[in-house]
Structure formats: C-alpha cells, structure tokens
Amino acid sequence: MSTLLQTIAEENGDVVILDQTKLPDEAVYVRLKTLSDAAHAIRVMQVRGAPLIGVTAAYGVALGLEEGKPLDEILAQLSATRPTAVNLHWALKRMRRVLENSAPAQRQRRAWEEARAIADEDREANAAIGRHGLVVLEAIVERKGAVSVMTHCNAGWLATVAYGTALAPIYAAHAAALAVHVWVSETRPRNQGRLTAWELAQSQVPHTFIADNAAGLLMMQGKVDVVIVGADRIAANGDTANKVGTYLKALAASAHHVPFYVAAPLSTIDFACPDGAQIPIEERAAEEFGELHTPVVNPAFDITPAQLITGIITERGIVAPGELAKVRP
Ligand code: MRU
C-alpha cells in the first residue's frame with residue numbers, strides 16, 4: 001500500500017479523510033469537525049467500503065459528543081447514512097456499549113479511544129486476512145507459476161484503514177514476489193474499479209481494467225484463476241451482500257469452475273441475520289447514472305448465495321460459508 005496516503009486519521013481533535021469522490025484524479029483531504037460532517041462523508045461516499053464506513057461512524061460519535069449532542073441522537077443520525085454495510089451498525093453498537101458503561105465525565109475521552117481501537121483492529125484484521133488469503137494464491141502459483149485474480153468494486157486499502165480485504169492477499173502475494181495479476185472490473189455505475197486500478201498502480205501490482213460485462217468471457221477463456229471480492233454484510237448462513245455485480249461474477253465463476261472467495265473481517269458478519277433475503281439493499285439515486293430521462297432502479301448491492309462461495313477469508317482463517325460459527329467471536 002502507499003505509505004504517503006491514508007484513508008482516515010486524527011489531527012488536532014478533528015478527523016481527516018481522503019475524499020474518495022475526487023479520486024483517482026486528485027488526492028484531496030477533508031477535515032471532519034462535526035457529527036454532520038461525518039454523516040455527510042459516509043452518505044455521499046467521500047469515505048466508502050464497509051470497514052472504513054464503520055471506523056468513520058465511530059469517529060463521528062466522538063465528534064458528536066464534543067458538540068454536546070445526546071448519544072441517542074448521534075447514533076440515530078449516523079445509523080441512517082447507509083443501510084447495507086453492517087460494519088456501520090456493528091461500530092455504533094460497540095460505541096453505545098462502551099459509552100453507556102462510562103461515567104459521563106469520561107465519555108468524550110472514551111469515545112476517541114474506542115474509535116481509535118476500532119481503527120487499529122481493522123488494520124490488524126486486514127493484515128491477517130492477507131496472510132490467510134496468500135495461502136490460496138501460493139497454491140495456484142505453485143501449480144501454474146503465476147496467478148490471475150479477478151476482483152470487483154474496491155475492497156482495497158481505500159475501503160479500510162489499511163491493506164484492504166479482497167486486495168490484502170494480493171498485496172501479500174506481490175510483496176512475496178509471486179507473479180500476481182489482477183482483473184479489475186469497472187463496477188458501474190460509480191466506477192469503484194477505477195479506485196482499485198489506481199491503488200494497484202500505486203503499488204506497482206500488474207492489473208488490467210475490464211468492463212463489468214467482460215468477466216464471463218474471461219472466465220470462459222480460462223484467464224481467471226480465482227475471484228476474490230469483499231463484502232458489506234455476510235448473513236449467518238454465508239449468503240453475502242457486496243457491490244452489485246458480484247452475484248453475476250459468482251454465477252460465471254461457478255459455471256467455469258473458478259474458485260470464488262469472499263474476504264472480510266468478522267465485523268462484516270451479521271450473525272443476527274439468518275440469510276441473504278433479510279439483508280437490506282441500499283437503493284441509490286438515479287443521478288448516479290448521469291442525466292437519463294427514463295425510469296431507473298439503482299440497487300447498490302446484490303446477494304451472492306452461500307452455495308456459490310468457495311470460502312470466506314477472515315482474520316481467523318478461511319472457512320466454508322456454512323461454517324461461520326467456527327470463527328464466531
Ligand atoms: O458502495 P461502496 O463503494 O461503499 O461499496 C463497497 C463494496 O461493496 C466493497 O466491496 C465492500 O464494502 C468491502 S470493502 C473492504
């Protein structure tokens with residue numbers, strides 16, 4: 001990962017974020033001073049990616065307490081920003097638990113400490129995901145001499161505090177001098193694939209950009225050894241919500257016997273949600289398609305059924321989607 005750029009950091013009592021709506025054209029930092037700044041940054045996707053949304057929300061709680069806002073109001077405002085990534089709700093629940101158990105005079109300090117802890121844990125979890133996922137890539141390189149990975153959306157360090165989830169094993173493989181190449185799908189309508197291509201270029205990881213609809217052909221032609229994607233919410237049965245288009249890649253991977261992995265920290269697993277049908281799917285504005293004078297439906301995520309997933313790469317190891325209980329905290 002780039003050593004110069006960071007997705008989120010504390011600075012003099014504010015929170016500074018890298019504005020992802022300006023990438024890859026410009027690296028612009030934005031200072032979040034208030035709860036509303038944090039909620040806005042999540043809603044308009046200045047920060048995005050499930051783990052980073054969770055960390056930003058945790059810092060948003062600290063900013064709200066600095067403004068003297070009631071905790072319930074803070075949590076309600078942040079929780080209404082984006083519905084699908086469960087890391088948001090996981091982080092807010094964790095903040096509530098810690099703050100309700102703190103003396104009122106300690107709350108502001110405790111909020112900053114807990115937000116920092118959530119950020120630090122994300123970095124460590126993703127490093128571990130990288131180590132576990134590396135084993136999958138090493139096995140392919142041993143057999144074939146090189147590995148070609150397909151990914152979708154951006155589940156790299158931009159979507160987290162560091163390393164990324166789906167890209168963590170790729171960075172680990174590149175650091176280990178394995179011959180790794182990445183197929184980066186554009187990810188319409190918001191083009192998060194451009195963020196992935198930018199990230200990979202920063203680290204000199206060989207990659208090729210493709211239109212979303214090229215994925216099936218490349219798999220049919222045997223040009224993809226493995227698919228690794230991130231997740232926004234994994235239900236208890238292993239059904240996985242991720243950026244819209246993930247399901248089609250999983251269907252194509254299954255048809256062509258390409259292994260399909262989901263990489264995510266435990267904070268993305270919603271054990272209270274029995275299956276994918278219960279996961280709320282965010283519907284975003286028609287404007288994301290540009291100016292179209294026609295009816296539009298714009299679901300931001302889709303559900304990949306557990307039976308299409310080869311394994312889930314977590315910080316506690318790789319498990320089959322039906323065996324998530326094995327890694328339950
Ligand atoms: O709408 P986005 O850009 O926040 O969606 C991001 C994704 O779908 C990612 O794949 C997911 O959050 C995992 S990020 C490590």
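Numbering starts at 1 and runs along the sequence shown. Whatever order the structure lists ligands and atoms in, that order sets their numbers, starting from 1. Side-chain atoms are counted along with the backbone in the values below, which use heavy atoms only and exclude waters and symmetry mates. From a predicted model like this one, the values you see are computed outputs, not experimental measurements.
Of all heavy-atom pairs spanning I53 and V47, the tightest one is CG1-O, 4.5 Å.
Closest to atom 14 (S) of ligand 1, if we only count protein heavy atoms, is A159 CB, 3.5 Å. Atom 10 (O) of ligand 1 has N242 OD1, 2.7 Å as its closest protein atom, hydrogens excluded (heavy atom only). Scanning the protein heavy atoms around atom 15 (C) of ligand 1, the nearest turns out to be T165 OG1, 3.0 Å. Counting only heavy atoms of the protein, atom 3 (O) of ligand 1 lies nearest to R48 NE, 2.6 Å.
Without hydrogens or angle criteria, E199 side chain to L158 main chain gives a donor-acceptor distance under 3.5 Å. For T187 (side chain) and C153 (main-chain N/O), a donor-acceptor pair under 3.5 Å exists by modelled atom type. Between the T151 side chain and the S185 main chain, no donor and acceptor come within less than 3.5 Å of each other. Although no hydrogens or angles enter the test, the distance criterion places no donor-acceptor pair under 3.5 Å between the side chain of D270 and the main chain of R233.
Within the 4.0 Å heavy-atom cutoff, A85 does not count among the residues contacting ligand 1. Heavy atoms of G164 stay at 4.0 angstrom or farther from ligand 1. For the ligand labelled ligand 1, residue R82 lies inside the 4.0 Å heavy-atom shell. Using a 4.0 Å cutoff on heavy atoms, C153 counts as a contact of ligand 1.
Polar contact check, G49 against ligand 1: a nitrogen or oxygen pair lies under 3.5 Å apart. Checked by distance only, ligand 1 and A50 come closer than 3.5 Å through their nitrogen or oxygen atoms. For ligand 1, the polar-atom distance check finds an N/O of D232 within less than 3.5 Å of one of the ligand's N/O atoms.
Taking every heavy atom of K243 and a limit of under 4.0 angstrom, the matching atoms of ligand 1 come to 1 (O), 2 (P), 5 (O), 8 (O). The distance from ligand 1 to the heavy atoms of M45 drops below 4.0 Å at these ligand atoms: 1 (O), 2 (P), 3 (O). Counting atoms of ligand 1 from 1 in the listed order, those under 4.0 Å from a heavy atom of Q192 are 1 (O), 2 (P), 3 (O).
Both the backbone and the side chain of A155 come within 4.0 Å of ligand 1, judged by heavy-atom distances. Neither the backbone nor the side chain of R190 comes within contact range of ligand 1; no heavy atom lies under 4.0 Å. Only the backbone of A231 comes within contact range of ligand 1, with a heavy atom under 4.0 Å; no side-chain atom does.
A cation-pi contact links R328 to F271, judged by a cut-off of 6.0 Å to the six-membered ring centre and 45° from its axis. Cation-pi contact between K249 and F260: absent, since separation from the ring centre below 6.0 Å together with deviation from the ring axis within 45° is not met.
Tested against R190 for a side chain to side chain contact (heavy atoms under 4.5 Å, CB included), the candidates T21, N154, L195 yield a single pass: T21.
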Legend entry - Working for side-chain contact (heavy atoms from CB on, under 4.5 Å), residues I234 and V262: CA-CA 9 Å; I234 302 174; V262 172; 4.0 Å; yes
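Side-chain atoms of V182 and T208, non-hydrogen and from C-beta on, never get closer than 4.5 Å to each other.
When the shell of 6.0 Å around OH of Y261 is examined, it contains more than 12 heavy atoms from other residues, nucleotides or ligands.
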